[in-house]
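All values reported here derive from a predicted model rather than from experimental measurement. Letters A, B, ... are given to chains in the order of the sequence lines, protein chains preceding strands, and every chain is numbered from 1.
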2 protein chains.
Amino acid sequence: MAGRRSDTRERIQQVALELFAEHGYEKTSLREIAERLEVTKAALYYHFKTKEDIVHSLVEKLVGAFDELLHWGSAQPRTHETTEEVLRRFSSLVNDEYGSEMQFIQQNVPTLKKFGVMMPLGQKVRELFQLVGAEGDDPATELKARLALVALVLGINPMFGGPEAAPPPEVALKVALELVAPRP
Amino acid sequence: MAGRRSDTRERIQQVALELFAEHGYEKTSLREIAERLEVTKAALYYHFKTKEDIVHSLVEKLVGAFDELLHWGSAQPRTHETTEEVLRRFSSLVNDEYGSEMQFIQQNVPTLKKFGVMMPLGQKVRELFQLVGAEGDDPATELKARLALVALVLGINPMFGGPEAAPPPEVALKVALELVAPRP
DNA sequence: GTCTATATAATGATAGAC
DNA sequence: GTCTATCATTATATAGAC
């Protein structure tokens, strides 16, 4: 019984994200998404009220994932091993399951700002580097904590990272740990 | 004699960049640019063949600035002071004169990729962190050299930096220098 | 849940007068 | 060097049949 499937919503999210990440939100038309799914535009509107709504649904999932990591981390003892595990889990999130979405977000900021999803996301990230940000809150320590997370996600940055120059995950993790270590 | 000025080309570049950086390339219409300049769309087409052409003209200037820094740096003795001065000049470039453009670039990647300007830019940046990248080329050292430059430009990243959390330039510079130091 | 058909609204770009 | 007027295209979104 093709034509009456029930996973269309998730398939829309998946295909839309692919195209958003590759060509950008504005240059990805609903027609294009529909064609790749072999449905019509009207079908998309059954599952999502607007094009913008697809983005909101995607971001919600990511915020949920960050929240989960934050909750887990806060419940652990504040040891070196915990920090390492937080960084490791963050690395997995932003490179595996949410790699495309992180790329989409970083490369379509004006759009996402207009949709009002940039600040909530920024807030979660801020909580994350508080979690790994050593004890002191002097500016240099804080900056290094930020850079630790950046190191783990540098592969998606085409200007300062770039896929071809993406450091192996172990290397990135090692450098990240150095950056959050109490004394270098 | 208003209506026959000769600096319109530069004014278009300036206003276009402002709008591109704030609302994104796709969502900035030529009508909007023309209105802010109090000219008509047709006038824009006298100075630039297409909308895309405006972007190319902007990127060319930045590549030129990077090239200038690269030439200067290569001609200096490879000392700690040189590295510091390269980082300082890079910081000035990306935060002062080309701050808006760096923001525009990082936040409109799909568009700029399609225009073919992303790879040449990435190449210049790669040369830049070779210039500051210590002697070794083991992956960790290389990653740290990248992060040094990233630290200096973190303010324009709304997810991992953000204007409100932009580190003072001296702090960023200090951390950047740590990152390219031979032994931490 | 998916389709056809259409309404509505912008946009990038061009022609030609002044 | 700037204007008026217009074209062609494409996009998001909706109405209503099946």
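- When atom types are taken as modelled, the side chain of A:H56 and the backbone of A:F115 share a donor-acceptor pair closer than 3.5 angstrom.
- A:L19 has its CG atom 16 Å from the C1' atom of D:dA11, to the nearest Å.
- A donor atom on one side chain and an acceptor atom on the other are found under 3.5 Å apart for B:E127 and B:Q123.
- In this structure, the CD atom of A:E35 is 12 Å from the P atom of C:dC3, given to the nearest Å.
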Query raised in the report: Reading nucleotides 4-12 of chain C 5' to 3', which nucleotides get B (base under 4.0 Å from a protein heavy atom), which S (sugar-phosphate only), which -?
Result: B------SB
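- A:H47 has its NE2 atom 6 Å from the P atom of C:dG1, to the nearest Å.
- Side-chain contact between B:N157 and A:Q106 is present, with heavy atoms from C-beta onward closer than 4.5 Å.
- Using a 4.0 Å cut-off between charged nitrogen and carboxylate oxygen, B:K174 and B:E170 do not count as a salt-bridge pair.
- Following rounding to the nearest Å, B:Y46 (OH) and C:dA13 (C1') show an atom-to-atom distance of 18 Å.
- Here the C1' atom of nucleotide C:dT14 and the CZ atom of B:F48 are 18 Å apart, to the nearest Å.
- A salt bridge between B:R36 and B:E32 is absent, with no side-chain N of the basic residue lying under 4.0 Å from a carboxylate O of the acidic one.
- In this structure, A:H23 places its NE2 atom 17 Å from C1' of D:dA11, rounding to the nearest Å.
- Rounded to a whole Å, the CG atom of A:D53 is 13 Å from the C1' atom of D:dA13.
- For the pair B:K51 and B:F20, the cation-pi criterion (under 6.0 Å, within 45° of the ring axis) is not fulfilled.
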